[in-house]
Number of protein chains: 2
Amino acid sequence: MAQTDTVTRILDTAEVLFAERGFAETSLRNITGKAKVNLAAVNYHFGSKKALIQAVFARYLDPFSERFHNAIDELEATYGEKVIPLEVLLETMARTVLEVPAERHSLKVFMRLLGLAYSQAQGHLRRYIQEQYGTVFTRFVELVRQATPELPDAERFWRLHFVLGTVIFTFSGLDALRDISEKDYGEHVSVRNLVKRLRPVVVAAMQAPLPDLDGQDTDKTVTVLTGAG
Amino acid sequence: MAQTDTVTRILDTAEVLFAERGFAETSLRNITGKAKVNLAAVNYHFGSKKALIQAVFARYLDPFSERFHNAIDELEATYGEKVIPLEVLLETMARTVLEVPAERHSLKVFMRLLGLAYSQAQGHLRRYIQEQYGTVFTRFVELVRQATPELPDAERFWRLHFVLGTVIFTFSGLDALRDISEKDYGEHVSVRNLVKRLRPVVVAAMQAPLPDLDGQDTDKTVTVLTGAG
DNA sequence: GCATAATTAAAACAATTGTTTCCAACTGTG
DNA sequence: CACAGTTGGAAACAATTGTTTTAATTATGC
């Protein structure tokens, strides 16, 4: 058994189990058992369970980070001094996200891991991702800023997280949602199909009219909402 | 110490710890220690940790379910045979969600618990919530269907989950996001403020143009996206 | 082909988990 | 006051956790 084989086998098994059950709910014995490697192999090759978790993320985020930087480089070279349209930025992000796991594993696992990174506020993980891949996200946000000059900075910040929530939540719970969709509406949705459904919704969300933040909401009447129809 | 005091103290402490760290990461000793009750009290009063988790949810979802049914009853009485507008439905849902935890605890905890219920796919939890509170959601969805006749059923299904993802994701990670927002943009966002920001985005998402689902995406050009600008 | 390092294997480790047991303390009722 | 049943408290339970240790095996370099 080659040296890399054990490492790869652990990573392959771990990412699936993590995505299915979460980090705390997945024991090393569970991983090593399913991967048919020795229990001590995890601590030998990775050092600790925390380090294994980070390694699982790195295997997705490293290629993503590199590809996305390259994609943005190309865009900037193409558009020169001109502002890159929001739709192009979103499309580039989507394409990069879709490309990375396509090579090896499923997008679902990747998204589910991202969702876990947020929801299971494992302190070390959030810190690791922020330190390791913060610059990519910062660069993207800056371009989005230039593409949406009409949005106040704070508003853009929140809207980006709104759509991030939509995407992560959707793909993270993909299996369960797909089952319901298939049972109730008889149609099987592919990832590509779902991306197509997401497109107009995400764009509409980013381009929605600005909220009325003045007035200390003295009343909860529904009239406030109707302004967007 | 009255009989209910211990139970309440356990629930109050458990919901906060669950919301902060998740279910598996929160031990009974952690809960009982912080709640200053005996370790065995949990198993005595609730039977098991699983049952405790369900009880924590029930304390939020029971009042929510009742209030929401009442609110819908009122709406149906008011509108008679007429269709209830989408904005009114969303507003009613939002108001009910905001009302329930306001009485006792924080909305953040409530949302975070909902997020965990989805992300930490504890089988028993999802089943419990589905069995216990499925009818409320079904009733709501049916009204949304009448309010959005232009949406295909499957499309409406997905869009509801898209916005559900936005809301849960946002409030679930509220603390972390708020910290960033406050640090980078110097403005402290309240829950009410955030609800105001969500309003136009959610409405725009539901009313976004329909996706182009034909054509087996032969190309990944950005032109597909621009149709929504 | 041998010496040395790298990897795998098996076992034990200490710590923590949810749960149960057993007994004391309390509560309310006759 | 006495006695039933309920609740609280400390300890122990068995199971599982991540990690470490020790020995065997395999690969590598000279």
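Residue numbering restarts at 1 for every chain, and letters A, B, ... go by the order of the sequence lines.
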Examine dT8(C): is either OP1 or OP2 under 4.0 Å from a nitrogen or oxygen in the side chain of Thr6(A)? Give yes or no.
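Yes, within the criterion.
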
Is any side-chain N or O of His45(A) closer than 4.0 Å to OP1 or OP2 of dA6(C)?
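No, no such contact exists.
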
Using the six-membered ring wherever Trp is involved, compare the ring planes of Tyr133(B) and Tyr128(B) and label them parallel, tilted or perpendicular (cut-offs 30° and 60°).
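The arrangement is perpendicular - the two ring planes meet at more than 60°.
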
Give the B/S/- string for nucleotides 13-24 of chain C, one per nucleotide from 5' to 3', where a protein heavy atom under 4.0 Å of the base yields B, of only the sugar-phosphate yields S, and otherwise -.
----BBBB----

Under 4.0 Å between a Lys/Arg side-chain N and an Asp/Glu carboxylate O for Lys183(B) and Asp179(B)?
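Here Lys183(B) does not pair with Asp179(B) in a salt bridge, since their nearest N and O are not under 4.0 Å apart.
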
Salt bridge check: are Lys34(B) and Asp12(B) linked by an N-O gap of less than 4.0 Å?
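Salt bridge absent between Lys34(B) and Asp12(B).
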
ring-ring contact (aromatic ring centres under 6.0 Å, His included) partners for Phe137(A), two or more places apart:
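Phe137(A) satisfies ring-ring contact (aromatic ring centres under 6.0 Å, His included) with no residue once adjacent residues are dropped.
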
For Tyr185(A), all residues meeting ring-ring contact (aromatic ring centres under 6.0 Å, His included), sequence neighbours excluded
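ring-ring contact (aromatic ring centres under 6.0 Å, His included) list for Tyr185(A), sorted by chain: Phe157(B).
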
